[in-house]
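Numbers restart at 1 for each chain; the letters A, B, ... are given by sequence-line order, proteins then strands.
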Amino acid sequence: MRAFVKWGVAALAAMTAGLGAGAAPAAEPVKIGAFLSVTGPASFLGEPEKKTLEMYVGRLNKEGGVEGRKIELVIYDDAGAPDKAATFAKRLIQNDGVDLIIGGTTTGTSMAAIKVIEPAAVPFISLAGGIDIVEPVKKWVFKTPHTDRMAAEKVFADMKKRGITKVAMISEDAGFGKSGHDQSLKVAPLYGIEIVADEVYSPKDPDVTAQLTKIKNTPGVQAVFNFGFGQGPAIVTKNFKQIGMSVPFYQSHGVASKKYIELSGDASEGVRLPAAGLVVAEQLPATDPQKPVVTAFKKDYETAFKSEVSTFAGHAYDGLQMALAAIKRAGSTDKAKVRDEIEKTSGYVGTGGLVSMSPTDHMGLSHAAFHMVEIRKGDWLLSD
Amino acid sequence: MFAEFLQYILAGLTSGAIYALAGLGFAIIYNASHVINFAQGEFIMIGGMATSTLVAAGVPLPLAAVLAVLVTMAVGMALEKFAVEPARGAEVVTIIIITIGASIFLRGAAQIIWDKEFHSLPAFSGETPILVLGATLMPQSVWVVAVAMVIIAALWWFFNRTLFGKAMLAVSFNREAAQLMGIGVKKVLLVSFALSALLGAAGGIVMTPITFTNYEAGIMLGLKGFSAAVLGGLGNGMGAIVGGLTVGIAEALAAGYLSSAYKDAIAFVIILFVLFFMPSGLFGKKGTDRV
Amino acid sequence: MNTALRTPRVAGLGALALVLALAPLSFPNAYFYDVAVNALFNAIVCVGLNLLIGYGGQISLGHAGFFALGAYGSAILTTRFGLPPLAAMLASAAAVGLLAFAVGRPILRLKGHYLAMATLGIGIIIHIVLKTESWLTGGPDGMGVDPFRVAGLEVAGDRMWYWVAAALLLLAVWVALNLIDSPLGRALRAVHGSETGAEVVGVDTGRYKMLVFVVSAVFASLVGSLFAHKNGFITPDIGSFFRSIELVTMVVLGGMASTFGAVLGAFILTLLPQLLAAFEDYEAMVLGAIMMGTMIFMPKGLLPSLALLLARRKGGEARP
């Protein structure tokens, strides 16, 4: 039993030493905390977000930081687990004393962390899509990506334009797909669209032809809409072609990366989806105010990491830029002032679109933020 | 109507063959050591990841596949040598935790050596679906089923026709007696890990064009493989195949006729139901409990 | 016999109480309390699970499912049906106990890996139901839970939760130690040694296995309820099979058939990810290596191995 006691003392001492180290250097830096799903099922969202934050903070520090102060970035990996996210949020606030928090790769991790962040009164910019994050409005919580409802609305508007009224849904049973599915069902009637089939798959299913066959045999289906991210939609796309379906096929913004086209190959030809301007940077008309921003970001990211930029990296970029702009306008890192300034963000041109927040809108994106794109010959084609 | 049913069966066959390949690896190691190797899914992942990176780097597919298999076998043997072997004689659950630790370690290593992206391989014989009485099947699914069958045949030959294979079986029946007969238990264990790594890698390579792979792909495959192996009866190769196909087809039929949201749950209900009536799986030997 | 057994038990409880009482002195801020509360919660579940694994010799890879049922039971009964938290917690625990009893009858006849498979299956089915029935559970994105209020008093803040959880851990350990030292406990140890052997000498192993299975499920459910109220937000992932495996790992790493070992294992594996966060990309490799290394060099788990070491150093006079 003595060993146990000794261990306890030693472990706690080690913890205190390990965690307490690195406190307050001479020139008070701006401390930005982030908790991201760098590993786990959402890792291909969290990983580019982390890389983006590190790259820009590194660059800004070389240029002298913000307001003459260096930026200190503390990032934790919550592995996609909401309770870990809550603990890390607490760690950022209580232990690391950050001035502002960016993060929450997924809606689940963001919502869990909000329970910690909101009462602690720290400005928080989430990088997740779920509408619950900013609706109802929470005083300290903001978000950068479009909501899944906006994606669904964009898709249904496109369908309506093409005279489609009967739609089959197939969605992933994890957070992103499930939430997108629920929002889709909610907004479909507003566009005169009837969901005639509703199927589900797990993100790691090797084959979804069973679900698609069921959809194929449902009478009257005029289009199929898939909500999901990762490898699932690529498998759905391949199986869609395999069983010889020919109705228009829509995907969500969750697949807006070249990886999706690469994985699904020829089968992705003709697939339509809503995507942020970043994806079609070169094709945007020169008059588009987003063009210079997205082109520059794309170039920065792709030269630094030799891999294709994704919209998720863009969410992190937007979050960081809005945060820093707010800190500059506030002239300090006073949390209340920074919060007020983030809320006053107006006309910010980001990778996701034009952002104008207000006390009733903590996201500030309009539908214009989404473009409809179609996959043609293995590349995106702007089609609205 | 029939075409629909057939399509469900073919969908189940594709998933089922993949689960079966994963399950076979569990069966081999269990046979030789009564150890459940929870890092089996990682063997599959390493096979797929290594091949797709090599192919992307310009290595021809057959050579890349051979290299990937060799790498995976080396990993399997290292796992046995440095982690399982030193803990021989420990309780079963201790060794389970060691293999779970190994799977976490290998996933961690894979995310550093490679990345977190999904990787794929071109299908071996094109992507034109094969029409079967109104239903369709991808040629790559045929590859998966064929490889599973070749492996089963090769294993049967190995365990029944070669001296070493028979020795391995002997060890699985009675370790002490086998040792007395001069069969090196250590060597048998090492070979069983090499063999199941080989199997896992081969499976990982043929399934990657269908399922894609990334550093975490082994988790699901390990889970389904374990289910397949237990349903079939632990230590029985044929059982693992039947178990895998049963799970795959049950999932597809459930998705087609009942509810796609509950298809995985339905597959588990079937497994539970089978176990209630056949406590040693479909083909498992009824164990005699040692006092 | 009786005093020989009781002395280390009282000493152990006393030492644990002392550690729990003194630990907060080294906590510089609320975050440390938060981690400690999570560690205590895990420890309570592990003390229950250890009865099943360590003493009953049965593997369960589905206990996170019971934990999640407790959490969702409390969340749903309080937010959607307006039940007071304490009543919701007890009702959930009773329901989970009944469920464990119902499924326990057929599955506890299974042995070894087959039992592991069956419990794994039950855990996964629970997880899928929680994920799918979003009208009730909020789906994969989770649902909010109100704070724990009892008799007009709200358990709020990490400090308060720490003392509540610490007291409950001591209670759980006390219950477990008494169970182990009862006639039942001796029967259990017989079961772990050899089921057939135990039956031969007239021990009704089935009943005992069932009892520990139900008790461990109820422990998990109760902690699940508290966890839900404390965190204020839950998602179905708290019932995923990773969590089940994590719980088993805590028990085995700390030391099977050692109640304090289970507590130690839970503490270490809860703290470890916090400490390893500094390794960033290498975190998973380090965690895997630690798990393998511990089990290779201390196959009986940390606490029993350390006790053995200590006994040897003392010249072999003390028994572990």
Side-chain angles (χ1 to χ4, degrees), chain B residues 26 30 34 36 38 79 82-87 89-112 215 219 223 226-227 229-231 233-234 259 261-269 271-272 275-277 279-281 284 287-291, chain C residues 53-54 57 59 61 103 105-107 109-118 120-129 131-133 193-197 200 241-242 245-246 248-249 251-253 256 279 281-301:
Chain B
F26 281 94
Y30 183 82
H34 285 215
I36 288 287
F38 277 101
L79 172 62
F82 300 117
V84 177
E85 172 71 37
E91 288 204 49
V92 170
V93 60
T94 300
I95 299 181
I96 287 184
I97 303 297
I98 291 179
T99 62
I100 290 174
S103 73
I104 296 175
F105 180 85
L106 291 174
R107 279 203 293 280
Q111 96 188 23
I112 292 167
Y215 76 107
I219 299 175
L223 185 64
F226 176 61
S227 311
V230 173
L231 176 62
L234 275 169
S259 150
Y262 277 112
K263 69 181 173 42
D264 289 15
I266 291 165
F268 278 110
V269 167
I271 294 175
L272 285 173
L275 290 181
F276 292 162
F277 293 100
S280 308
T288 39
D289 198 15
R290 245 177 287 169
V291 181
Chain C
I53 300 178
I59 303 175
L61 294 181
V103 297
R105 287 189 77 83
I107 69 168
R109 289 186 296 125
L110 301 172
K111 292 189 172 65
H113 298 301
Y114 295 98
L115 176 63
M117 177 71 240
L120 178 74
I122 287 167
I124 289 180
I125 291 170
I126 293 172
H127 184 217
I128 292 174
V129 172
K131 236 170 36 170
T132 309
E133 302 304 320
S194 161
E195 215 166 290
T196 321
V200 169
F241 95 104
F242 295 103
I245 287 184
E246 202 176 16
V248 173
T249 308
V251 170
V252 179
L253 198 83
M256 272 191 298
F279 286 94
D281 282 348
Y282 293 87
E283 186 186 329
M285 278 177 85
V286 176
L287 179 65
I290 290 176
M291 278 169 68
M292 284 193 282
T294 312
M295 293 327 292
I296 292 168
F297 297 110
M298 303 180 181
K300 294 209 174 309

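- Of the atoms belonging to Ile124(C), it is side-chain heavy atoms, and not backbone ones, that fall under 4.5 Å from chain B.
- For Leu223(B), the part lying under 4.5 angstrom from a heavy atom of chain C is the side chain only.
- Side chains of His34(B) and Val92(B) form no contact here, defined as non-hydrogen atoms less than 4.5 Å apart.
- Although no hydrogens or angles enter the test, the distance criterion places no donor-acceptor pair under 3.5 Å between the side chain of Tyr114(C) and the main chain of Arg109(C).
- Of the listed residues (Ala118(C), Ala284(C), Ala116(C)), the one with the most heavy-atom contacts under 4.5 Å to chain B is Ala284(C).
- Using a 4.5 Å heavy-atom cutoff, the side chains of Phe105(B) and Leu287(C) are not in contact.
- Most heavy-atom pairs under 4.5 Å with chain C: of the set Leu272(B), Thr94(B), Ile96(B), this distinction falls to Thr94(B).
- Classified by interplanar angle (parallel below 30°, tilted 30° to 60°, perpendicular above 60°), the ring pair Phe26(B)/Phe38(B) is perpendicular.
- Your options are Leu106(B), Leu231(B), Ile98(B), Ile266(B), and the one with the most heavy-atom pairs under 4.5 Å with chain C is Ile98(B).
- Rounded to the nearest 0.5 angstrom, His113(C) NE2 and Ile59(C) CD1 are separated by 6.0 Å.
- Within the 4.5 Å cutoff, side-chain heavy atoms of Arg107(B) are placed close to those of Ile219(B).
- Proximity to chain B is absent for every atom of Leu115(C), based on heavy atoms less than 4.5 angstrom apart.
- Contacts of Ile97(B) with chain C are made by both backbone and side-chain atoms, with heavy-atom separations under 4.5 Å.
- Proximity to chain C (any heavy atom under 4.5 Å) is restricted, for Tyr30(B), to the side chain, taken from C-beta onward.
- Residue Ser227(B) holds its OG atom at 9.5 Å from CG of Asp264(B), rounded to the nearest 0.5 Å.
- Both the backbone and the side chain of Val230(B) come within contact range of chain C, each with at least one heavy atom under 4.5 Å from a heavy atom of that chain.
- Contact record, Gly121(C) with Phe268(B): CA-CD2, 3.7 Å, taken as the closest heavy-atom pair.
- Neither the backbone nor the side chain of Val84(B) comes within contact range of chain C; no heavy atoms are under 4.5 Å apart.
- Heavy-atom neighbours of Phe279(C) CZ from other residues, nucleotides or ligands within 6.0 Å: at or below the threshold of 12.
- Proximity to chain B involves both the backbone and the side chain of Tyr282(C), based on heavy atoms less than 4.5 angstrom apart.
- For a residue to count as touching a neighbouring chain, one of its non-hydrogen atoms must lie under 4.5 Å from one of that chain's; by this rule Val286(C) does not touch chain B.
- Your options are Ala109(B), Ala90(B), Ala87(B), and the one with the most heavy-atom pairs under 4.5 Å with chain C is Ala109(B).
- Heavy-atom distances place the side chain of Ile112(B), and not its backbone, under 4.5 Å from chain C.
- Side-chain atoms of Ile290(C) and Leu253(C), non-hydrogen and from C-beta on, never get closer than 4.5 Å to each other.
- Contact count versus chain C (heavy atoms, under 4.5 Å) is highest, among Pro86(B), Ser103(B), Ala261(B), Ala265(B), for Ala265(B).
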